[in-house]
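First up is the structure itself, then whatever we jot down about it.
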Amino acid sequence: MAQQTTLTIPNFSLRDTLLCGQCFRWEELPDGSFSGFAGSHFASVLQSGDQVFITSDTDAAFWEAYFDCDTDYEAAKKRLSHYRAMRRPIERAGGIRLLRQDPWEALCSFIISQNNNIPRIKGIISRMCEAFGEAVPGGYTFPAAERLAACTLDDLAPLRAGFRGKYLLDAAQRVNDGRVVLDRIAASSTEEGEAELIQIFGVGVKVAQCVLLYGFHKLDAFPVDVWMKKVLALHFPNGFPKQAKKDRGIAQQFLFHDIRSFPDQQ
DNA sequence: GGCCAGGCTTTTC
DNA sequence: GAAAAGCATGGC
(Lines give C-alpha, C1' and ligand atoms only; values in the text may rest on other atoms or scores of the structure.)
Protein backbone atom coordinates (compact mmCIF):
# COMPACT_ATOMS: atom_id res chain seq x y z
CA MET A 1 0.00 0.00 0.00
CA ALA A 2 1.38 3.38 -1.02
CA GLN A 3 2.26 5.79 1.73
CA GLN A 4 3.04 9.47 1.28
CA THR A 5 5.82 10.97 3.34
CA THR A 6 6.99 14.55 3.38
CA LEU A 7 10.31 15.40 5.00
CA THR A 8 11.73 18.84 5.54
CA ILE A 9 15.48 18.77 5.03
CA PRO A 10 17.25 22.14 4.94
CA ASN A 11 20.29 22.76 2.73
CA PHE A 12 19.76 19.42 1.05
CA SER A 13 20.39 18.24 -2.49
CA LEU A 14 18.48 15.08 -3.32
CA ARG A 15 20.17 14.88 -6.71
CA ASP A 16 23.72 15.18 -5.40
CA THR A 17 22.93 12.78 -2.57
CA LEU A 18 21.60 10.08 -4.89
CA LEU A 19 24.09 10.57 -7.75
CA CYS A 20 27.34 11.17 -5.85
CA GLY A 21 28.50 7.58 -6.02
CA GLN A 22 27.47 6.40 -2.55
CA CYS A 23 24.49 4.40 -3.84
CA PHE A 24 23.67 2.70 -7.12
CA ARG A 25 19.99 1.90 -7.21
CA TRP A 26 18.35 5.25 -7.99
CA GLU A 27 17.45 6.62 -11.40
CA GLU A 28 16.71 10.21 -12.27
CA LEU A 29 13.51 10.67 -14.31
CA PRO A 30 12.97 13.38 -16.92
CA ASP A 31 10.88 15.43 -14.47
CA GLY A 32 13.76 15.57 -11.98
CA SER A 33 12.28 13.06 -9.57
CA PHE A 34 13.98 9.82 -8.64
CA SER A 35 12.80 6.28 -8.44
CA GLY A 36 14.63 3.37 -6.94
CA PHE A 37 15.27 1.31 -3.86
CA ALA A 38 16.39 1.99 -0.34
CA GLY A 39 17.01 -1.46 1.04
CA SER A 40 13.96 -3.48 0.04
CA HIS A 41 11.72 -0.43 -0.26
CA PHE A 42 10.84 0.94 -3.67
CA ALA A 43 10.08 4.65 -3.76
CA SER A 44 9.51 7.70 -5.89
CA VAL A 45 11.16 10.81 -4.47
CA LEU A 46 10.84 14.43 -5.46
CA GLN A 47 12.49 17.46 -3.93
CA SER A 48 11.00 20.95 -3.94
CA GLY A 49 12.97 23.45 -1.91
CA ASP A 50 13.42 22.07 1.58
CA GLN A 51 10.60 19.59 1.08
CA VAL A 52 11.16 16.00 0.04
CA PHE A 53 8.09 14.11 -1.13
CA ILE A 54 8.27 10.35 -0.98
CA THR A 55 5.85 7.72 -2.21
CA SER A 56 6.71 4.27 -0.93
CA ASP A 57 5.49 1.25 1.00
CA THR A 58 7.03 2.33 4.29
CA ASP A 59 6.79 5.07 6.86
CA ALA A 60 8.42 8.39 7.65
CA ALA A 61 10.68 6.94 10.33
CA PHE A 62 12.41 4.76 7.75
CA TRP A 63 13.06 7.69 5.42
CA GLU A 64 14.20 10.02 8.20
CA ALA A 65 16.82 7.46 9.03
CA TYR A 66 17.74 6.80 5.39
CA PHE A 67 18.29 10.48 4.68
CA ASP A 68 20.16 10.86 7.97
CA CYS A 69 17.92 13.55 9.38
CA ASP A 70 19.35 13.23 12.88
CA THR A 71 22.88 14.25 11.94
CA ASP A 72 23.68 17.96 12.23
CA TYR A 73 25.26 18.68 8.84
CA GLU A 74 25.36 22.43 9.41
CA ALA A 75 27.51 21.93 12.47
CA ALA A 76 29.80 19.55 10.58
CA LYS A 77 30.14 21.99 7.68
CA LYS A 78 30.92 24.80 10.09
CA ARG A 79 33.70 22.74 11.69
CA LEU A 80 35.08 21.64 8.32
CA SER A 81 35.04 25.16 6.89
CA HIS A 82 37.92 25.86 9.25
CA TYR A 83 40.03 24.23 6.52
CA ARG A 84 40.42 26.46 3.49
CA ALA A 85 40.41 23.57 1.01
CA MET A 86 36.99 22.49 2.31
CA ARG A 87 35.19 25.75 1.64
CA ARG A 88 34.55 25.42 -2.07
CA PRO A 89 33.55 21.73 -1.84
CA ILE A 90 31.12 22.70 0.94
CA GLU A 91 29.69 25.44 -1.28
CA ARG A 92 29.33 23.15 -4.28
CA ALA A 93 28.61 19.75 -2.73
CA GLY A 94 27.36 20.62 0.75
CA GLY A 95 23.84 19.39 0.01
CA ILE A 96 24.97 15.78 0.14
CA ARG A 97 23.93 13.58 3.03
CA LEU A 98 25.43 10.25 3.96
CA LEU A 99 22.62 7.78 3.39
CA ARG A 100 22.07 5.07 5.95
CA GLN A 101 22.14 2.14 3.59
CA ASP A 102 21.89 -1.55 4.25
CA PRO A 103 25.31 -2.92 5.27
CA TRP A 104 25.13 -6.08 3.18
CA GLU A 105 24.08 -4.14 0.10
CA ALA A 106 26.90 -1.65 0.67
CA LEU A 107 29.39 -4.51 1.01
CA CYS A 108 28.36 -6.05 -2.30
CA SER A 109 28.10 -2.70 -4.04
CA PHE A 110 31.61 -1.63 -3.16
CA ILE A 111 33.11 -5.02 -3.92
CA ILE A 112 31.62 -4.52 -7.37
CA SER A 113 32.92 -0.95 -7.52
CA GLN A 114 36.58 -1.87 -7.60
CA ASN A 115 38.42 -0.97 -10.80
CA ASN A 116 35.03 -0.18 -12.32
CA ASN A 117 32.94 2.77 -13.44
CA ILE A 118 29.64 3.90 -11.98
CA PRO A 119 27.36 3.14 -14.96
CA ARG A 120 28.69 -0.39 -15.12
CA ILE A 121 28.48 -0.82 -11.33
CA LYS A 122 24.80 0.07 -11.57
CA GLY A 123 24.32 -2.45 -14.35
CA ILE A 124 25.89 -5.31 -12.44
CA ILE A 125 23.87 -4.53 -9.30
CA SER A 126 20.69 -4.26 -11.34
CA ARG A 127 21.28 -7.66 -12.94
CA MET A 128 22.11 -9.10 -9.52
CA CYS A 129 18.79 -7.93 -8.08
CA GLU A 130 16.83 -9.14 -11.07
CA ALA A 131 18.51 -12.54 -11.00
CA PHE A 132 18.49 -13.24 -7.25
CA GLY A 133 16.29 -10.66 -5.54
CA GLU A 134 12.55 -10.84 -4.98
CA ALA A 135 10.12 -9.32 -7.44
CA VAL A 136 8.11 -6.55 -5.80
CA PRO A 137 6.09 -3.66 -7.23
CA GLY A 138 8.64 -1.34 -8.82
CA GLY A 139 11.43 -3.85 -9.36
CA TYR A 140 13.51 -6.34 -7.42
CA THR A 141 14.85 -6.29 -3.87
CA PHE A 142 18.54 -6.67 -3.18
CA PRO A 143 19.28 -10.38 -2.77
CA ALA A 144 19.99 -11.67 0.72
CA ALA A 145 23.41 -13.08 1.56
CA GLU A 146 21.81 -16.47 2.06
CA ARG A 147 20.53 -16.50 -1.51
CA LEU A 148 23.88 -15.51 -2.97
CA ALA A 149 25.76 -17.97 -0.75
CA ALA A 150 23.79 -20.78 -2.39
CA CYS A 151 25.15 -19.82 -5.81
CA THR A 152 28.13 -21.13 -7.72
CA LEU A 153 30.48 -18.96 -9.70
CA ASP A 154 28.74 -20.14 -12.87
CA ASP A 155 25.43 -18.95 -11.46
CA LEU A 156 26.89 -15.44 -11.23
CA ALA A 157 28.12 -15.41 -14.83
CA PRO A 158 25.03 -13.57 -16.14
CA LEU A 159 25.91 -10.64 -13.89
CA ARG A 160 29.07 -10.08 -15.97
CA ALA A 161 30.86 -8.95 -12.84
CA GLY A 162 34.20 -10.20 -14.11
CA PHE A 163 36.82 -11.10 -11.53
CA ARG A 164 34.58 -9.65 -8.80
CA GLY A 165 32.24 -12.65 -8.93
CA LYS A 166 34.46 -14.78 -6.73
CA TYR A 167 34.74 -11.89 -4.27
CA LEU A 168 30.94 -11.62 -4.02
CA LEU A 169 30.68 -15.34 -3.33
CA ASP A 170 33.25 -15.21 -0.54
CA ALA A 171 31.48 -12.26 1.04
CA ALA A 172 28.11 -14.02 0.82
CA GLN A 173 29.47 -17.24 2.30
CA ARG A 174 31.22 -15.49 5.18
CA VAL A 175 28.18 -13.41 6.06
CA ASN A 176 25.88 -16.39 5.69
CA ASP A 177 27.92 -18.77 7.86
CA GLY A 178 28.72 -16.18 10.51
CA ARG A 179 32.46 -15.76 9.96
CA VAL A 180 31.60 -12.13 9.32
CA VAL A 181 28.88 -10.72 11.58
CA LEU A 182 27.51 -7.46 10.23
CA ASP A 183 25.66 -6.64 13.46
CA ARG A 184 28.92 -6.91 15.35
CA ILE A 185 30.63 -4.50 12.97
CA ALA A 186 27.77 -2.08 13.51
CA ALA A 187 28.66 -2.02 17.21
CA SER A 188 32.42 -1.90 16.63
CA SER A 189 34.86 0.91 16.09
CA THR A 190 35.76 1.83 12.54
CA GLU A 191 39.20 0.29 13.03
CA GLU A 192 37.80 -3.00 14.31
CA GLY A 193 35.23 -3.05 11.53
CA GLU A 194 37.92 -2.61 8.91
CA ALA A 195 39.94 -5.49 10.37
CA GLU A 196 36.91 -7.76 10.13
CA LEU A 197 35.87 -6.70 6.64
CA ILE A 198 39.28 -7.04 5.01
CA GLN A 199 39.28 -10.73 5.87
CA ILE A 200 36.88 -11.12 2.97
CA PHE A 201 38.63 -12.16 -0.24
CA GLY A 202 38.65 -9.14 -2.50
CA VAL A 203 37.96 -6.58 0.22
CA GLY A 204 40.83 -4.22 0.92
CA VAL A 205 41.09 -1.05 2.97
CA LYS A 206 39.33 1.19 0.47
CA VAL A 207 36.30 -1.04 -0.01
CA ALA A 208 36.12 -1.65 3.75
CA GLN A 209 36.10 2.09 4.44
CA CYS A 210 33.29 2.56 1.91
CA VAL A 211 31.24 -0.15 3.60
CA LEU A 212 31.87 1.39 7.02
CA LEU A 213 30.88 4.85 5.81
CA TYR A 214 27.90 4.04 3.59
CA GLY A 215 26.64 0.83 5.15
CA PHE A 216 27.42 1.41 8.82
CA HIS A 217 27.31 5.21 8.87
CA LYS A 218 30.66 5.47 10.59
CA LEU A 219 31.43 9.10 9.90
CA ASP A 220 35.12 8.75 10.70
CA ALA A 221 35.58 6.28 7.83
CA PHE A 222 37.60 7.79 5.00
CA PRO A 223 37.71 5.91 1.70
CA VAL A 224 40.66 6.94 -0.45
CA ASP A 225 40.29 6.06 -4.13
CA VAL A 226 42.11 7.43 -7.17
CA TRP A 227 40.13 10.68 -6.98
CA MET A 228 40.72 11.23 -3.30
CA LYS A 229 44.42 10.59 -3.84
CA LYS A 230 44.43 13.54 -6.23
CA VAL A 231 42.55 15.69 -3.71
CA LEU A 232 44.92 14.78 -0.91
CA ALA A 233 48.02 15.40 -3.02
CA LEU A 234 46.67 18.78 -4.06
CA HIS A 235 45.09 20.12 -0.88
CA PHE A 236 46.18 17.95 2.03
CA PRO A 237 49.76 16.84 1.33
CA ASN A 238 50.24 15.94 5.00
CA GLY A 239 47.06 13.89 5.10
CA PHE A 240 43.56 14.88 6.17
CA PRO A 241 43.80 16.73 9.49
CA LYS A 242 43.50 14.47 12.52
CA GLN A 243 41.50 17.07 14.42
CA ALA A 244 38.69 16.59 11.90
CA LYS A 245 38.53 12.82 12.31
CA LYS A 246 34.89 12.68 13.35
CA ASP A 247 33.84 14.68 10.27
CA ARG A 248 36.13 13.21 7.68
CA GLY A 249 33.56 10.82 6.20
CA ILE A 250 31.33 13.77 5.35
CA ALA A 251 34.37 15.73 4.18
CA GLN A 252 35.39 12.88 1.92
CA GLN A 253 32.01 12.84 0.22
CA PHE A 254 32.06 16.59 -0.40
CA LEU A 255 35.62 16.43 -1.75
CA PHE A 256 34.96 13.37 -3.90
CA HIS A 257 31.87 14.84 -5.48
CA ASP A 258 33.49 18.21 -6.01
CA ILE A 259 36.56 16.95 -7.85
CA ARG A 260 34.39 14.72 -10.00
CA SER A 261 31.99 17.54 -10.79
CA PHE A 262 34.64 20.22 -11.28
CA PRO A 263 37.91 18.48 -12.15
CA ASP A 264 39.25 21.62 -13.80
CA GLN A 265 38.49 23.89 -10.85
CA GLN A 266 40.60 22.31 -8.18
C1' DG B 1 40.22 1.79 -30.67
C1' DG B 2 42.62 2.60 -26.64
C1' DC B 3 42.45 4.25 -22.12
C1' DC B 4 40.64 3.82 -17.81
C1' DA B 5 37.38 2.76 -14.15
C1' DG B 6 35.35 4.80 -6.20
C1' DG B 7 41.18 -1.92 -6.19
C1' DC B 8 42.76 -6.22 -4.83
C1' DT B 9 45.60 -10.33 -5.37
C1' DT B 10 49.51 -12.40 -7.21
C1' DT B 11 53.93 -12.20 -9.03
C1' DT B 12 58.30 -10.24 -9.56
C1' DC B 13 62.20 -7.46 -8.42
C1' DG C 1 59.12 -5.37 1.55
C1' DA C 2 58.07 -2.44 -2.39
C1' DA C 3 56.78 -2.14 -7.13
C1' DA C 4 54.56 -4.03 -11.13
C1' DA C 5 51.59 -7.11 -13.49
C1' DG C 6 47.16 -9.40 -14.07
C1' DC C 7 42.48 -9.43 -13.62
C1' DA C 8 36.93 -9.21 -16.67
C1' DT C 9 34.22 -6.10 -18.67
C1' DG C 10 32.56 -2.26 -20.97
C1' DG C 11 31.84 3.18 -20.76
C1' DC C 12 33.54 6.93 -23.02
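So that the names make sense, note that chain A is the first sequence line, chain B the second, and so on, each numbered from 1. Being a predicted model, the structure only gives us computed values, none of them experimental.
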Given the rule that I, L, V, M, F, W and Y join up when any side-chain heavy atoms are under 4.5 Å apart, are A/Tyr66 and A/Phe42 in one cluster? no
Closest nucleotide of DNA chain B for A/Ile200 versus for A/Ile118: which of these residues is on the 5' side? A/Ile118
Please report the distance separating the P of C/dA8 from the corresponding atom of B/dT11, rounded so that it comes out in whole Å. 13 Å
Take atom C1' in B/dG6 and the same atom in C/dA3, then report the distance between them in whole Å. 23 Å
Take A/Lys245 and A/Glu191 through the salt bridge (Lys or Arg N to Asp or Glu O under 4.0 Å) test and state the conclusion after the steps. CA-CA 13 Å; A/Lys245 182 177 178 182; A/Glu191 291 75 13; 3.3 Å; yes
To the nearest Å, how far apart are [X] [atom1] and [N] [atom2]?
| X | N | atom1 | atom2 | result |
| --- | --- | --- | --- | --- |
| A/Ile111 | C/dA8 | CD1 | C1' | 16 Å |
| A/Lys122 | B/dA5 | NZ | P | 18 Å |
| A/Ile125 | B/dG6 | CD1 | C1' | 12 Å |
| A/Ile112 | C/dT9 | CD1 | P | 14 Å |
| A/Gln114 | B/dA5 | CD | P | 14 Å |

Is there a side-chain contact between A/Arg120 and the phosphate of B/dA5, meaning an N or O under 4.0 Å from OP1 or OP2? no
Stacked pair A/Phe256-B/dG6, distance under 5.5 Å, angle under 30°: yes
Base B/dG7 paired with A/Tyr167 side chain (donor-acceptor, <3.5 Å): no
Candidate pair A/Phe110 and A/Phe24, rule ring-ring contact (aromatic ring centres under 6.0 Å, His included), full reasoning: CA-CA 10 Å; A/Phe110 285 91; A/Phe24 304 98; 5.4 Å; yes
So does A/Ser188 get a backbone contact from the side chain of A/Lys218, meaning a donor-acceptor N/O pair under 3.5 Å? yes
